[in-house]
Protein chains: 2
Amino acid sequence: MTTGRDSVGQRSETVRRANLSAILRELHTSGSLSRSELVARTGLTRSAIRGLIGELVAADLVSEERAEPLGTPGRPSPLVHTNPEQAVVLALEIAVDSLAAAEVGLGGRVLDQMRVDRPRRDLAAGEIVADLVHLAAGLRRDHPTGEGLLGVGVAVVGVVRRSDGFVSTAPNLGWRDVPLGDRLRAGLGSAGPIAVANEADLGALAEVRRGAARGADDVLFVSGEVGVGGGIIVDGKPMTGAAGYGGEVGHIAVNPAGRPCRCGSTGCWETEVGEGALLLRAGRPVDGGRVEVNALLRDAAAGSRSALDAMHEVGRWLGIGLASLVNVLNPRVIVLGGLFGRIYPLVRETIEEELGRRALPAPGELVRIAPATLGLDAPLLGAAELAFEPLLADPSRWLPPHGMLALASA
Amino acid sequence: MTTGRDSVGQRSETVRRANLSAILRELHTSGSLSRSELVARTGLTRSAIRGLIGELVAADLVSEERAEPLGTPGRPSPLVHTNPEQAVVLALEIAVDSLAAAEVGLGGRVLDQMRVDRPRRDLAAGEIVADLVHLAAGLRRDHPTGEGLLGVGVAVVGVVRRSDGFVSTAPNLGWRDVPLGDRLRAGLGSAGPIAVANEADLGALAEVRRGAARGADDVLFVSGEVGVGGGIIVDGKPMTGAAGYGGEVGHIAVNPAGRPCRCGSTGCWETEVGEGALLLRAGRPVDGGRVEVNALLRDAAAGSRSALDAMHEVGRWLGIGLASLVNVLNPRVIVLGGLFGRIYPLVRETIEEELGRRALPAPGELVRIAPATLGLDAPLLGAAELAFEPLLADPSRWLPPHGMLALASA
DNA sequence: CAAGGTTTAGAAGAGAGGAACACAAATCCT
DNA sequence: AGGATTTGTGTTCCTCTCTTCTAAACCTTG
């Protein structure tokens, strides 16, 4: 009987919260900005900006520096920048071929990062969690895990319920119904809140904040790995769906008469464009993994007919699936990650041809396609962004109660 | 270089606007509520509610009535209700088989309504606009068109750009690149702002506000007509995509080796589940239209084997397409409109079977499927909702400047 | 008819951003 | 050089809006 939505009633504090959030968000995505630029971006007055920045400075989240003259007339505006060391999150990633951990500071600076290969066989959740904890412990020895962390963000190749980090399926890991959030909480000790999300969803988040789709509000991120993952940004925000299962574009049915899929269905998109499909079409061992894919890409670059044919066939199916998604979502930008980003330069025409034939929007308003720019680390960076989200959404929770300020100044 | 999003900076007025908006929205969707219920729903205090309602009353948008005692102890709370006659919009619909017009008052009351059949051949935009204007003029003789209207909402079977009501394609009408918004503005004279949107998008809006999906935040509405239309609600708001072309689910590729589609592609969903596909499978004339469909439904209800087989085949493909969409969008509710709502009771198992096989979310969290409850009029009601949107989003623009109030009370 | 509970009414208070003015620090031009 | 110009900061009210608090109104229950 409730209306849902985000608790409608607004108050003065809501305004302050929103404005603090807007400022910190801008600083976080840009790293540093002048005060006057903040004025321009937020539409707030200088006095408001001054007051809000003052609070952020008091909390040591950001600092101001006397500006150096930049050749433009007028008094230079002080430069405001985030303090990466003062707000640090732990980002973890469970990918198909590797595990990764990173410490990322406010403003997006990667303070430390490690990635280790992972064999492609099924591993129990406990083992992977232990490996991740170990990996995290190896970061920045002077900054023991679990202390002073703002939170933890986790990217995982699997279908994740957002609310509690419950992984309902992860074919690449051989998992079903793994309470990953709880497991990590136990393994990491008290390292702040833990947020788990799908790898591609976080890749999308990273690409839209710091990568190929920067600034776009409606974005589709599609990443080709063993499976095909997707992340959708609607109106600047990740679209997770009702339970957080949204964006599983790898399992749209493009060819119901086609090959069986690991998910139990048949003719899913990933059976036509995934790594296995590419290798199959090229006549290489389907389970060859990265090694075979790299070899195939080399062959194609060298001009091998059969390699290129296989790629174009994948490109054709890629275009078919993308056209469906364009018709449903009408994104401004499509970012191709993983395998797709790598083959894109070779099969661009094929993809665009298929898209032109099947997608409805007028050619002039057709979507822009761009390969991912953050590469392998996109999901890891997205996990960091996820962990920063509570701070960015409501910085006031991390601010000293400002009765103190009033007292101090009086 | 701008951040997009909705101009971040917030001010005190923003708060008032948001709160007025929240209150009026609640009243609009519920028709009438007691003050104390509004307090509960918005989380605002009684005093705040009092002040805001006072302004809405002063603007004559709502009225308060002395409450009749309801058997509960305590002082009874006055009932607040909208004044449908004081804020009226004109809703228009260009459907496949008919044209419709309605006058709808604040709170959702349909004050007057007309619908006329339309032959299924292509008609020039000018003709249809003229017919619509004529239809609108016939509504409520005491309330001449173009006067005192808050705005106009238009639902049209076609791909529409939201910003200006430009129809880029409408296969059912034989239109390409018709500036419908401008045409209607010219035809209707000064009837307030005109907002045009896709029929299914508006059907979704109506069903989520007043129909089968009431209260749900993530909804997929799929309507079967000659073509297949779709409307998507994400987080309580219509998802239109970057240019407003989103939700064209009829043209996802489900069978690339299949039949050619009117859109120029092949194997689109609507070639497998549209009206034509159903008739074809049943061995009836593909262009038979409503008459044949009705006959087929009668046969099926009477137990005809061949009729039921055709329906189950359509149901199977319906399930395939829905599964794809569930994987992408993870909605809470799917509302089936038009043809699909009518065949749903007959093919429910088939749809659910296919959905169960192909959709990822765990069965326990699987989507709820419901036939539309607003029937033929859903898009028309959605058009009214669209036209109300500016008022609901910012009621303060329709309020007397409240310097006046202060003066009057002083 | 009194007691108890719920709600409205009105006044005072507190939080937050906006506007205006004086002043500061650069660049540009003569 | 040195003044004009431009851009930006600091500071002080001012306005807007919701909350809090107290008194009064109104209904049900025993």
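Residue numbers begin at 1 in each chain, while the letters A, B, ... track the order of the sequences.
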Close N or O pairs between protein and nucleotides 18-20 of chain D (under 3.5 Å):
| unit_1 | atom_1 | unit_2 | atom_2 | d |
| --- | --- | --- | --- | --- |
| D/dC18 | OP1 | B/Asn19 | ND2 | 3.0 |
| D/dC18 | OP2 | B/Arg16 | NH1 | 3.0 |
| D/dT19 | OP2 | B/Thr45 | N | 3.3 |
| D/dT19 | OP2 | B/Thr45 | OG1 | 2.8 |
| D/dT20 | O4 | B/Ser47 | OG | 2.9 |

Which nucleotide in C/dG15, D/dT17, D/dG10 has an atom nearest any side-chain atom of A/Glu13: C/dG15
Would you kindly give the CZ-to-P distance between B/Arg50 and D/dT17, to the nearest whole Å? 15 Å
Using the test side-chain hydrogen bond (donor to acceptor under 3.5 Å, both in side chains), find all partners of A/Ser12 that sit at least two apart in sequence or belong to another chain. none
Whole Å only: how far is the CD1 atom of A/Ile49 from the C1' atom of D/dG8? 13 Å
Please name all residues satisfying side-chain contact (heavy atoms from CB on, under 4.5 Å) with A/Val15, sequence neighbours left out, ordered by chain then number. A/Asn19, B/Gln10, B/Val15
Given atom CG of B/Leu399 and atom C1' of D/dT17, what is their separation to the nearest angstrom? 15 Å
Atom CD1 of B/Ile53 and atom C1' of C/dT7 are separated, to the nearest Å, by 14 Å
Over how many whole Å does the gap from B/Leu79 atom CG to C/dT7 atom C1' extend? 14 Å
Residue set satisfying side-chain hydrogen bond (donor to acceptor under 3.5 Å, both in side chains) with A/Ser32, at least two apart, ordered chain then number -> none
Per the end-axis method with five pairs at each terminus, what is the bend angle of the helix from C/dC1-D/dG30 to C/dT30-D/dA1, to 10°? 10°
Tell me whether the count of non-hydrogen atoms from other residues, nucleotides or ligands lying under 6.0 Å of CZ in A/Arg332 goes above 12. no
Taking only side-chain nitrogens and oxygens of A/Ser36, does any of them come within less than 4.0 Å of OP1 or OP2 of D/dT7? no
Integer-rounded Å distance: D/dA25 P and B/Arg35 CZ: 16 Å
Excluding sequence neighbours, so at least two apart, what forms side-chain hydrogen bond (donor to acceptor under 3.5 Å, both in side chains) with B/Arg209? B/Glu385, B/Glu389
Taking A/Thr29 for the side chain and A/Glu26 for the main chain, is one N or O donor matched with an acceptor at less than 3.5 Å? yes
Excluding sequence neighbours, so at least two apart, what forms ring-ring contact (aromatic ring centres under 6.0 Å, His included) with A/His81? none
Using whole Å, report how far CD1 of B/Ile23 lies from C1' of D/dT17. 13 Å
Taking only residues two or more places apart in sequence or in another chain, which ones pass side-chain contact (heavy atoms from CB on, under 4.5 Å) with B/Arg17? B/Glu13, B/Asp394, B/Ser396
Just the rounded figure in Å: distance from P of C/dT6 to CD of B/Glu37. 16 Å
Quick one: side-chain hydrogen bond (donor to acceptor under 3.5 Å, both in side chains) partners of A/Ser63, sequence neighbours excluded? A/Asn83
